[in-house]
Peer 1: 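What follows is a single structure, and I will ask about it in a moment.
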Amino acid sequence: MFDQTPEQGRPGRAPSINVLGGVLKPCSTRPVTGFYRDGCCNTGAEDLGLHTVCVVLTAEFLTFSKSRGNDLSTPMPQYGFPGLNPGDRWCLCASRWKEAYDANAAPQVVLEATHAVTLKVVSLAALKQHAFRPN
């Protein structure tokens with residue numbers, strides 16, 4: 001599912017396509033996000049968690065995630081992790097986003113920066129319900 005032809009490069013990585021069918025846009029470089037820490041929600045065979053949903057974090061979601069055993073707000077300098085704050089963008093695991101969606105705690109989604117493989121876990125309709133709309 002993730003292999004690419006040699007002319008596309010990056011063997012083992014999924015093509016960088018967003019859920020709308022366009023080119024995957026960057027999610028965040030401050031803080032640097034993505035499974036590959038490239039600022040994008042790229043994925044590949046080694047990304048078992050599918051860190052593919054670009055979200056705009058909220059206090060509600062950070063509390064929800066912490067209650068589920070994934071504390072994203074506490075800095076862990078030993079791993080180069082700054083800790084996240086409301087308003088930060090982050091490549092979230094598709095299953096965690098779906099879990100939050102089912103619990104009415106899902107953060108907004110930047111559709112253009114959310115990888116197409118997310119659609120194997122979450123419907124486009126659900127993602128669109130939570131689409132980020134900048135002011």
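Being a predicted model, the structure only gives us computed values, none of them experimental.
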Peer 1: Going by heavy atoms in the side chains, are L127 and T118 under 4.5 Å from each other?
Peer 2: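 Heavy-atom side-chain distance check passes, below 4.5 Å.
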Peer 1: Between the side chain of R133 and the main-chain N/O of A131, is any donor-acceptor distance below 3.5 Å?
Peer 2: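 Yes.
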Peer 1: Looking at H115 and P15, would you say the former's side chain and the latter's main chain have a donor-acceptor pair under 3.5 Å?
Peer 2: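 Present.
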Peer 1: Output all residues satisfying side chain to side chain donor-acceptor pair (under 3.5 Å) with R37, sequence neighbours left out; order by chain, then residue number.
Peer 2: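 Once residues adjacent in sequence are excluded, R37 has no partner under the side chain to side chain donor-acceptor pair (under 3.5 Å) criterion.
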Peer 1: Where is the tightest heavy-atom contact between D88 and G83, given as atom of each residue plus distance?
Peer 2: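 Scanning both residues, the minimum pair turns out to be OD2-O, 4.4 Å.
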Peer 1: Look at the side-chain heavy atoms of Ile, Leu, Val, Met, Phe, Trp and Tyr, link any pair under 4.5 Å apart, and say whether L24 and L92 land in one connected group.
Peer 2: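 No; tracing contacts between hydrophobic side chains, which count when under 4.5 Å, never links both residues.
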Peer 1: Is it true that a side-chain atom of T29 and a backbone atom of G39 form a donor plus acceptor pair closer than 3.5 Å?
Peer 2: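 Flag not set: sc T29 to bb G39 has no pair under 3.5 Å.
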Peer 1: For the pair W97 and Y101, name the ring-plane relationship: parallel under 30°, tilted 30 to 60°, perpendicular over 60°.
Peer 2: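 The arrangement is parallel - the two ring planes meet at less than 30°.
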Peer 1: Taking side chain to side chain donor-acceptor pair (under 3.5 Å) as the test, write out the residues that go with S95, two or more places apart.
Peer 2: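 In terms of side chain to side chain donor-acceptor pair (under 3.5 Å), with neighbours along the sequence ignored, S95 is linked to no residue.
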Peer 1: How many angstroms lie between atom SG of C93 and atom CZ of F35, to the nearest 0.5 angstrom?
Peer 2: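 Nearest 0.5 Å value for the SG-CZ distance: 9.5 Å.
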Peer 1: Who pairs with A59 by side-chain contact (heavy atoms from CB on, under 4.5 Å), at least two apart in sequence or on another chain?
Peer 2: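 Counting only residues at least two positions away or on another chain, A59 forms a side-chain contact (heavy atoms from CB on, under 4.5 Å) with P86.
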Peer 1: Strictly under 2.5 Å separating the two SG atoms? Check that for C27 and C91, please.
Peer 2: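 Answer is no, sulfur atoms not closer than 2.5 Å.
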Peer 1: Between atom SG of C40 and atom NZ of K25, what is the distance when rounded to the nearest 0.5 Å?
Peer 2: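 The NZ atom of K25 is 10.0 Å from SG of C40, to the nearest 0.5 Å.
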Peer 1: Check P107 against F61 and note the closest heavy-atom contact, atom names and distance.
Peer 2: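 Nearest pair, atom of P107 first, then F61: CD-CD1, 3.5 Å.
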Peer 1: Just wondering, do P31 and P82 contact through their side chains at under 4.5 Å, heavy atoms?
Peer 2: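 P82 vs P31: side chains touch.
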Peer 1: So which atom in V117 and which in L50 form the shortest heavy-atom distance, rounded to 0.1 Å?
Peer 2: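 In terms of heavy atoms, the two residues are closest at CG1-CD2, 3.8 Å.
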Peer 1: Check which hydrophobic residues are tied to F132 through side-chain heavy-atom contacts below 4.5 Å, counting indirect links as well, and list them.
Peer 2: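 Listed partners: V56, V110.
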Peer 1: For T52 versus A94, what's the shortest heavy-atom pair and its separation?
Peer 2: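 Looking at all heavy atoms of both residues, the shortest contact is OG1-CB, 3.9 Å.
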Peer 1: Exactly one of D71, T33, L72 should register a side-chain contact (heavy atoms from CB on, under 4.5 Å) with L84. Which one does?
Peer 2: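 With L84 as partner, side-chain contact (heavy atoms from CB on, under 4.5 Å) holds for just one option, L72.
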Peer 1: Are N42 and S16 linked by a side-chain donor-acceptor pair shorter than 3.5 Å?
Peer 2: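 The answer is yes; a qualifying pair exists.
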Peer 1: Output all residues satisfying salt bridge (charged side-chain N to carboxylate O under 4.0 Å, His left out) with E99, sequence neighbours left out; order by chain, then residue number.
Peer 2: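 For E99, the residues satisfying salt bridge (charged side-chain N to carboxylate O under 4.0 Å, His left out) (neighbours in sequence not counted) are R68, R96.
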Peer 1: Grab the two heavy atoms, one from L124 and one from L119, that are nearest each other, plus how far apart they are.
Peer 2: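 In terms of heavy atoms, the two residues are closest at N-CD2, 3.7 Å.
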Peer 1: Taking the side chain as every heavy atom from C-beta outward, state whether V53 and H130 have any atom pair closer than 4.5 Å.
Peer 2: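 Of all side-chain heavy-atom pairs linking H130 with V53, none is under 4.5 Å.
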Peer 1: Where is the tightest heavy-atom contact between V122 and K98, given as atom of each residue plus distance?
Peer 2: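 Nearest pair, atom of V122 first, then K98: CG2-CB, 3.9 Å.
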Peer 1: For the rings on W90 and F81, is their centre-to-centre separation under 6.0 Å?
Peer 2: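 W90 vs F81: aromatic centres under 6.0 Å.
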Peer 1: So, using side chain to side chain donor-acceptor pair (under 3.5 Å) as the criterion, who are the partners of N85 when residues are at least two apart?
Peer 2: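 Not a single residue meets the side chain to side chain donor-acceptor pair (under 3.5 Å) criterion with N85.
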Peer 1: L20 vs K128, test: side chain to side chain contact (heavy atoms under 4.5 Å, CB included). Steps then yes/no.
Peer 2: CA-CA 10 Å; L20 302 175; K128 283 183 172 182; 4.1 Å; yes
Peer 1: Side chain of D47, backbone of H51: donor and acceptor closer than 3.5 Å?
Peer 2: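 Checking the backbone N and O of H51 against the side chain of D47, a donor-acceptor pair under 3.5 Å is found.
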Peer 1: Any side-chain heavy atom of L57 within less than 4.5 Å of one from L62?
Peer 2: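 Yes - at least one pair of side-chain heavy atoms lies under 4.5 Å apart.
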